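Let me give you the structure first, and then I'll get to my questions.
Protein chains get the first letters and strands the later ones, always in sequence-line order, with residue 1 at the start of each. All values below come from the heavy atoms of this structure, side chains included, with hydrogens, waters and symmetry mates left out. Bear in mind the structure is a predicted one, so any value in this text is a computation, not a measurement.
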Number of protein chains: 2
Amino acid sequence: MFDFLTVVKALADENRIRALLALRDGELCVCDIIELLDLAPSTVSKHLSILRQARFIDGRKDGRWIYYRLASDKAPFQVQEAIKWVCDSLSKDDTAKKDARKIKQIVKNHAKKSCQT
Amino acid sequence: MFDFLTVVKALADENRIRALLALRDGELCVCDIIELLDLAPSTVSKHLSILRQARFIDGRKDGRWIYYRLASDKAPFQVQEAIKWVCDSLSKDDTAKKDARKIKQIVKNHAKKSCQT
DNA sequence: CCTATAATTCGCCATATAACGAAATGTTAA
DNA sequence: TTAACATTTCGTTATATGGCGAATTATAGG
């Protein structure tokens, strides 16, 4: 029951849901999600740690950056089911669609910056 | 997104989860759930109204009593999926098992009382 | 009609949570 | 070594939420 509540409570926040959905199409670094949600870095970091603790996402460190991705296959079954449920429920959601577009833009700019180095 | 958050937040409380699971085997009146959760009537009433607003449960008035049941078939698809997810995730949960036993006892006593009238 | 009972609404309080900024940590690059 | 950057941790603050009791509504029964 406790574990389950950790999972549900991790989903009980709009910004965490948006972050989760943003990771559907692949990994993103924290600063991408900061840009997407337009929140303070510390706030986003907290949200991501809550999602990670509930086993929704996994982090991978690469230099200064930390890339987060959906934990899909490694996650407990109940978490996998939760991810499916969230994605299905919000597949046509307006905010989610807008976010998907914005993420593409962010990643594109991100790539440009990287190429400049 | 707003509707979805209403649904998730309705699940983000242990007592509401317990109430929801208690209704798996059929309808119960508010006083049964009060006895199960051992909380003040006003608190339970609030919890049930939150579950009802999220479309998890339906109420039926019969005299002085109000019987609640899972809204399964009438509920939006995302809610139906949520109910399945919760039930699957907690099918082997200790608290849920204890509650199931307690509910049987409560209903049994309830029946006795009714027979006395 | 009056009382008891079931349930809800309302107002209050304590705790939980989300947000921020400042400071700390760790890493790259000058 | 220093400076800049990405991220996290910590402390604070405002708001949200869960809990209760008192008052309210509605119904059943004496």
Q: Find the bend of the helix from dC1(C)-dG30(D) to dA30(C)-dT1(D) as the angle between its two terminal axes (five pairs each), to the nearest 10°.
A: 10°

**Q.** Shortest non-hydrogen contact between Arg24(A) and Leu70(A), atoms and distance
**A.** CA-CD1, 4.0 Å

Q: Flag the pair Leu48(A) / Ile33(A) as yes when at least one side-chain heavy-atom distance between them is below 4.5 Å, and no otherwise.
A: yes

What pairs of nitrogen or oxygen atoms, one from the protein and one from nucleotides 11-15 of chain D, lie under 3.5 Å apart?
none

**Q.** Heavy-atom check, side chain of Arg69(A) versus side chain of Leu23(A), under 4.5 Å
**A.** no

Q: Return the set of residues passing side-chain hydrogen bond (donor to acceptor under 3.5 Å, both in side chains) with Arg60(B) (not counting sequence neighbours), or none when no residue passes.
A: Glu27(B)

(Q) Checking Arg18(A) now: which residues fulfil salt bridge (Lys or Arg N to Asp or Glu O under 4.0 Å) with it, not counting sequence neighbours? (A) Asp99(A)

Q: Scan residues 32-84 of chain A for pairs that pass ring-ring contact (aromatic ring centres under 6.0 Å, His included), counting only residues two or more places apart or in two chains.
A: none

Q: Specify the closest pair of heavy atoms between Ile66(A) and Gly59(A), including all atoms of both residues, with the distance to one decimal.
A: CG2-CA, 4.5 Å

Write out a two-atom table: protein N or O, nucleotide N or O from nucleotides 15-19 of chain C, distance below 3.5 Å.
{"unit_1": "dA18(C)", "atom_1": "OP1", "unit_2": "Arg16(A)", "atom_2": "NH1", "d": "3.2"}
{"unit_1": "dA18(C)", "atom_1": "OP1", "unit_2": "Arg16(A)", "atom_2": "NH2", "d": "2.8"}
{"unit_1": "dA19(C)", "atom_1": "OP1", "unit_2": "Asn15(A)", "atom_2": "ND2", "d": "2.9"}
{"unit_1": "dA19(C)", "atom_1": "OP2", "unit_2": "His47(A)", "atom_2": "NE2", "d": "2.4"}

Q. Can you list every salt bridge (Lys or Arg N to Asp or Glu O under 4.0 Å) pair that touches residues 85-95 of chain B, not counting sequence neighbours?
A. none

Q | DNA chain D contacts among residues 52-68 of chain B, heavy-atom distance under 4.0 Å | A | Lys61(B), Gly63(B), Arg64(B)

I'd like a list of close polar pairs between nucleotides 10-13 of chain C and the protein, N/O only, cut-off under 3.5 Å.
none

Q. What are the residues of residues 19-27 of chain A, sorted by number, that bring a heavy atom to within less than 4.0 Å of DNA chain D?
A. none

Under 3.5 Å, side-chain donor or acceptor atoms of residues 2-14 of chain B against the rest of the protein: list the pairs with distances, not counting sequence neighbours.
{"unit_1": "Thr6(B)", "atom_1": "OG1", "unit_2": "Phe2(B)", "atom_2": "O", "d": "3.1"}
{"unit_1": "Asp13(B)", "atom_1": "OD2", "unit_2": "Asn15(B)", "atom_2": "N", "d": "2.9"}
{"unit_1": "Asp13(B)", "atom_1": "OD2", "unit_2": "Arg16(B)", "atom_2": "N", "d": "3.1"}

Q. What residues form a side-chain hydrogen bond (donor to acceptor under 3.5 Å, both in side chains) with Glu81(A), not counting sequence neighbours?
A. Lys84(A)

Q: For residues Leu21(A) and Ala96(A), report the shortest heavy-atom separation together with the two atoms involved.
A: CD1-CB, 3.8 Å

Q. How far apart are the closest heavy atoms of Ala22(A) and Leu28(A), and which atoms are they?
A. O-CD1, 3.6 Å

(Q) Side chains of Asp25(B) and Ile103(B), heavy atoms from C-beta outward: is any pair under 4.5 Å? (A) no

